[in-house]
Amino acid sequence: AKSARRATTKPARAGTIRCGAVQKMNAEELEIAMANRDRPMVIDFYATWCGPCKLASEMCGKFASQTEFKDKVKFVKIDTEKYVELSSKWKVEGLPTFVLFHKGKVLDRIEGLPTEQQMKDRLLYFLQQV
């Protein structure tokens with residue numbers, strides 16, 4: 001007989017992007033978040049098959065929980081294979097691509113995987129611009 005008790009968490013599948021404090025969004029949710037303009041946003045365009053994207057996801061999750069960025073920057077992930085129209089709209093040509101956005105404007109764009117220090121420096125500079 002099967003046990004009636006179920007595990008409350010499922011193990012991650014191979015290729016799963018772990019987000020932590022980073023929020024996955026669809027096209028409609030992104031538009032709403034951008035319209036609210038409550039705080040600067042880092043949009044991380046990724047694909048589940050992309051190795052560097054997994055590293056970028058871990059890095060963004062780490063930054064999203066750090067005091068200097070927590071509640072100051074909203075970290076968002078967009079799956080480029082599910083939301084091709086967003087990839088096209090934002091001219092994503094390589095992965096990962098980060099778009100740093102605030103008040104209706106793109107303030108910075110990072111294509112490829114920066115080191116943690118490079119990303120931190122860009123985020124700190126980005127926050128000085130907003």
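Note that these values count all heavy atoms, side chains included, but never hydrogens, waters or copies made by symmetry.
Contact between A27 and L86 at its shortest, heavy atoms only, is CA-CD1, 3.6 Å. The two residues A56 and P96 make their nearest non-hydrogen contact at CB-CG, 3.9 Å. The nearest pair of heavy atoms linking I78 to M25 is CD1-O, 3.3 Å. Nearest approach of N26 to E28, heavy atoms of both residues: OD1-N, 3.1 Å. Taking each heavy atom of C60 and D44 in turn, the nearest pair found is SG-OD2, 4.2 Å. The shortest heavy-atom contact between R109 and T97 is NH2-CG2, 3.9 Å.
The side chain to side chain contact (heavy atoms under 4.5 Å, CB included) test with V130 is passed by exactly one of K105, H102, R39: H102.
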Counting only pairs under 3.5 Å, give me each side-chain donor-acceptor contact of residues 63-73, with atom names and distances, residues two or more places apart or in other chains.
| unit_1 | atom_1 | unit_2 | atom_2 | d |
| --- | --- | --- | --- | --- |
| S65 | OG | G61 | O | 3.4 |
| S65 | OG | K62 | O | 3.0 |
| E68 | OE2 | K120 | NZ | 3.1 |

Under the criterion side-chain contact (heavy atoms from CB on, under 4.5 Å), I'd like the reasoning laid out for L30 against V76: C-alpha separation, chi angles, the key distance, then a yes or no.
CA-CA 8 Å; L30 181 62; V76 174; 4.3 Å; yes
Dump the intermediate steps for side-chain contact (heavy atoms from CB on, under 4.5 Å) on D121 and Q117, then the final yes or no.
CA-CA 6 Å; D121 291 345; Q117 189 59 53; 2.8 Å; yes
Show your working on side-chain contact (heavy atoms from CB on, under 4.5 Å) between R122 and F98 and close with a plain yes or no.
CA-CA 11 Å; R122 293 285 280 272; F98 304 91; over 6 Å; no
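Checked against a 6.0 Å centroid threshold, the rings of W90 and F101 count as neighbours.
A salt bridge is absent between K91 and E93: the closest approach of a Lys/Arg side-chain nitrogen to an acidic carboxylate oxygen does not fall below 4.0 angstrom. Salt-bridge annotation for K24 and D79: absent, with no side-chain N of the basic residue lying under 4.0 Å from a carboxylate O of the acidic one.
At least one side-chain heavy atom of S57 sits under 4.5 Å from a side-chain heavy atom of K77. Using a 4.5 Å heavy-atom threshold, the side chains of M119 and L123 count as touching. For the pair L100/V106, no side-chain contact is recorded, criterion being any heavy-atom separation below 4.5 Å from C-beta on.
A donor-acceptor pair under 3.5 Å is formed between the side chain of Q118 and the backbone N or O of T115. Panel note: side chain T80, backbone Y46; a donor-acceptor pair is recorded below 3.5 Å.
Applying the ring pair (Phe, Tyr, Trp, His ring centres under 6.0 Å) test to residues at least two apart or on different chains, none of the pairs has a partner in residues 103-130.
Atom NZ of residue K82 and atom OG1 of residue T48 lie 8.5 Å apart, to the nearest 0.5 angstrom. Rounding to the nearest 0.5 Å places SG of C53 at 4.5 Å from CG of L95. In this structure, NZ on K74 lies 11.0 Å from CD1 on I43, to the nearest 0.5 angstrom. Here L113 contributes atom CG and K54 contributes atom NZ; the two are 13.0 Å apart, rounded to the nearest 0.5 Å.
No path of Ile, Leu, Val, Met, Phe, Trp and Tyr side chains, each step under 4.5 Å between heavy atoms, connects V84 with V92, placing them in separate hydrophobic clusters.
Applying the salt bridge (Lys or Arg N to Asp or Glu O under 4.0 Å) rule to K89 yields the partners E31; only residues at least two apart in sequence or on another chain are considered.
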